[in-house]
Amino acid sequence: MPFCLHNYRFFVKLNSNRTLPCPIRHARFTSLSVQSRATISSEPAMASNSVRVAAAQMTSINDLAANFATCSRLVKEAVAERAKLVCFPESFSFIADKDGESVNIAEPLDGPIMQQYCSLARESGIWLSLGGFQERGSDDEHLRNTHVIIDDCGSIRSSYSKIHLFDVDVPGGRVYKESSFTEPGKDIVSVDSPVGRLGLSVCYDLRFPELYQQLRFQHEAQILLVPSAFTKITGQAHWEILLRARAIETQCYVIAAAQAGEHNDKRESYGDTLIIDPWGTVVGRLPDRISTGIAVADIDFSLIDSVRAKIPIAKVTLSCSILGYETD
């Protein structure tokens, strides 16, 4: 299926067998919220090998219509910023207030909930990363926590079901047992897009570096997507550290769209949506950790190439594989 792209005139060569389009401006980053945008003293032109992305932060509730309205507003902001992809956090469309609600509202990917978002992508002319959709499972008691990629024609390009389920007794917090109502995924998924090759994951996957190693070295990912709803306690301790580690060890951009604030009287998310470059530098971040808004940054393909050339860990990985060492 060909890309449905809008207003592209130039292309960037990513490797010997893949060419993707990209717009022309210089690499920089901005952050903005629904209420206000960070002040930028000047706006240099984007380099020809850069393309803009946005990461959304929100506080989803148990109201499908209200959450869709928030997502629609944030998509408009991303389009105004000339982003080609906007990433939403885990459980973007719904966060349950009571046990069993998530399973009850779960639908197949061709159901009316996801079709709304497909229409939003098509009408807005932008790609969407929808992290953590409640996809109907194989029986009435289970769902799949599914990360869905939609192109700017409104077509689902790829989907990934969360492999590592959040069965955790959070210190000082509550006990979570995602496996009691969620089926684990089995497949590692990457997909080409106008902003590069995307490696898909969801939230708790972040603690399992072997997944991201495979996305980089076996699936050739350039950007790792980590839509999340981290708890406040674990987020304070580990969120940024883990994200920067994944970026550094894979030499990929990391886009981490986060749920933020109090969803109900039982659940609170840490927030702090981040975009991190392959050197481990935070290049996009909202000024307020729990505000609703978008962080914006430019994916610089020349930076990916430069970091990987200067510290060629892929060659070491290949050598280890030849010698029979475990590299996953």
Side-chain angles (χ1 to χ4, degrees), residues 56 60 64 67 71 85 87-96 99-118 121 127-151 155-168 176-193 197-216 218-221 223-231 242-243 246 250 252 254-259 269 328:
S60 295
L64 291 164
N67 295 330
C71 290
L85 167 74
C87 301
F88 284 93
E90 184 182 27
S91 303
F92 63 97
S93 63
F94 188 85
I95 285 186
D99 292 342
E101 281 185 332
S102 292
V103 174
N104 290 339
I105 63 96
E107 288 186 355
L109 296 186
D110 60 357
I113 298 174
M114 185 55 64
Q115 290 308 303
Q116 268 193 309
Y117 287 89
C118 288
W127 283 56
L128 301 182
S129 161
L130 302 175
F133 176 70
Q134 291 89 358
E135 181 185 6
R136 184 175 295 168
S138 60
D139 57 54
D140 292 339
E141 283 74 45
H142 292 85
L143 55 78
R144 284 187 283 270
N145 192 342
T146 301
H147 185 167
V148 182
I149 302 296
I150 302 174
D151 68 19
S155 299
I156 294 176
R157 281 303 185 95
S158 189
S159 65
Y160 159 81
S161 293
K162 186 178 181 182
I163 292 174
H164 303 98
L165 302 184
F166 192 55
D167 290 357
V168 175
Y176 296 84
K177 195 163 181 66
E178 189 178 13
S179 64
S180 66
F181 61 91
T182 305
E183 298 174 357
K186 299 178 181 178
D187 299 324
I188 296 174
V189 177
S190 61
V191 60
D192 285 319
S193 80
R197 188 160 180 82
L198 309 174
L200 277 56
S201 67
V202 179
C203 200
Y204 191 50
D205 285 332
L206 179 61
R207 295 185 181 273
F208 299 87
E210 64 275 9
L211 169 62
Y212 300 94
Q213 295 288 317
Q214 291 189 54
L215 284 169
R216 160 71 204 277
Q218 296 180 25
H219 293 257
E220 300 182 339
I223 303 170
L224 304 175
L225 305 183
V226 193
S228 298
F230 251 60
T231 70
L242 288 171
L243 290 168
R246 297 297 88 84
T250 63
C252 291
V254 171
I255 303 176
Q259 291 283 350
S269 293
D328 290 346

Nearest heavy-atom pair of Val189 and Ser159: which atoms, and what distance?
CG2-O, 3.6 Å
Distance-minimising heavy-atom pair for Ala56 and Ala257
O-CB, 3.3 Å
Does any non-hydrogen side-chain atom of Trp127 lie less than 4.5 Å from one of Arg157?
yes
Are the side chain of Glu90 and the backbone of Ala229 linked by a donor-acceptor contact shorter than 3.5 Å?
yes
Using a 4.5 Å cut-off on heavy atoms from C-beta on, say whether the side chain of Val226 contacts that of Asp205.
no
Any idea which heavy atoms bring Pro89 and Ser228 closest together, and the distance?
CB-O, 3.5 Å
Indicate yes or no: at least one non-hydrogen side-chain atom of Ser269 is less than 4.5 angstrom from one of Phe230.
no
Using 0.5 Å steps for rounding, measure from the CG atom of Leu211 to the CZ atom of Arg246.
9.5 Å
Just wondering, do Ile113 and Phe94 contact through their side chains at under 4.5 Å, heavy atoms?
no
Is any side-chain heavy atom of Phe181 closer than 4.5 Å to one of Glu141?
no
Could you grab the distance from atom CG of Leu200 to atom CG of Leu224, nearest 0.5 Å is fine?
9.5 Å
Between Ser138 and Glu183, do the side chains contain an N or O donor and an N or O acceptor separated by less than 3.5 Å?
yes
Looking at Phe92 versus Tyr117, is the centre-to-centre ring distance below 6.0 Å?
yes
If only side-chain N and O atoms count, and only distance matters, is there a donor-acceptor pair under 3.5 Å linking Asn145 with Glu178?
yes
From CD (Gln134) to CD (Glu107), nearest 0.5 Å
10.0 Å
So which atom in Arg216 and which in Cys252 form the shortest heavy-atom distance, rounded to 0.1 Å?
CD-SG, 4.0 Å
For residues Asp167 and Ser179, is any side-chain donor paired with an opposing acceptor at under 3.5 Å?
yes
Evaluate side-chain contact (heavy atoms from CB on, under 4.5 Å) for Lys186 paired with Ile163, printing each intermediate quantity in order.
CA-CA 6 Å; Lys186 299 178 181 178; Ile163 292 174; over 6 Å; no
Is the closest side-chain heavy-atom distance between Leu225 and His147 below 4.5 Å?
yes
Polar side chain donor-acceptor pair, Ser60 to Gln259, under 3.5 angstrom
yes
More than 12 heavy atoms of other residues, nucleotides or ligands under 6.0 Å from CG of Asp99: yes or no?
no
What's the spacing between Cys203 SG and Phe166 CZ if we round to 0.5 Å?
7.0 Å
Determine whether the aromatic ring centres of Tyr204 and Phe208 lie less than 6.0 Å apart.
yes
For a side-chain contact (heavy atoms from CB on, under 4.5 Å) check, start with the C-alpha distance between Ser129 and Leu85, then their side-chain angles and the critical distance, and finish with the verdict.
CA-CA 7 Å; Ser129 161; Leu85 167 74; 4.2 Å; yes
How close do Pro209 and Arg207 get, heavy atom to heavy atom, and via which atoms?
CD-O, 3.3 Å
Nearest 0.5 Å, please: how far is CG in Leu130 from OG in Ser93?
8.0 Å
Can you check whether Leu206 reaches Ser201 side chain to side chain, under 4.5 Å on heavy atoms?
no
Between atom CZ of Arg144 and atom OH of Tyr160, what is the distance when rounded to the nearest 0.5 Å?
13.0 Å
Does the pair Arg197/Glu220 count as a salt bridge with the N-to-O cut at 4.0 Å?
no
Find out whether Val148 and Ile156 are in side-chain contact, i.e. whether some heavy atom of one side chain is under 4.5 Å from a heavy atom of the other.
yes
Ignoring hydrogens and geometry beyond distance, is a side-chain donor-acceptor pair present between Thr146 and Glu135 at under 3.5 Å?
yes
What are the two closest non-hydrogen atoms of His142 and Ser180, and how far apart are they?
NE2-O, 3.8 Å
Do Thr250 and Gln213 pass the side-chain hydrogen bond (donor to acceptor under 3.5 Å, both in side chains) test, and can you show the C-alpha distance, the side-chain angles, and the key distance before you say yes or no?
CA-CA 6 Å; Thr250 63; Gln213 295 288 317; over 6 Å; no
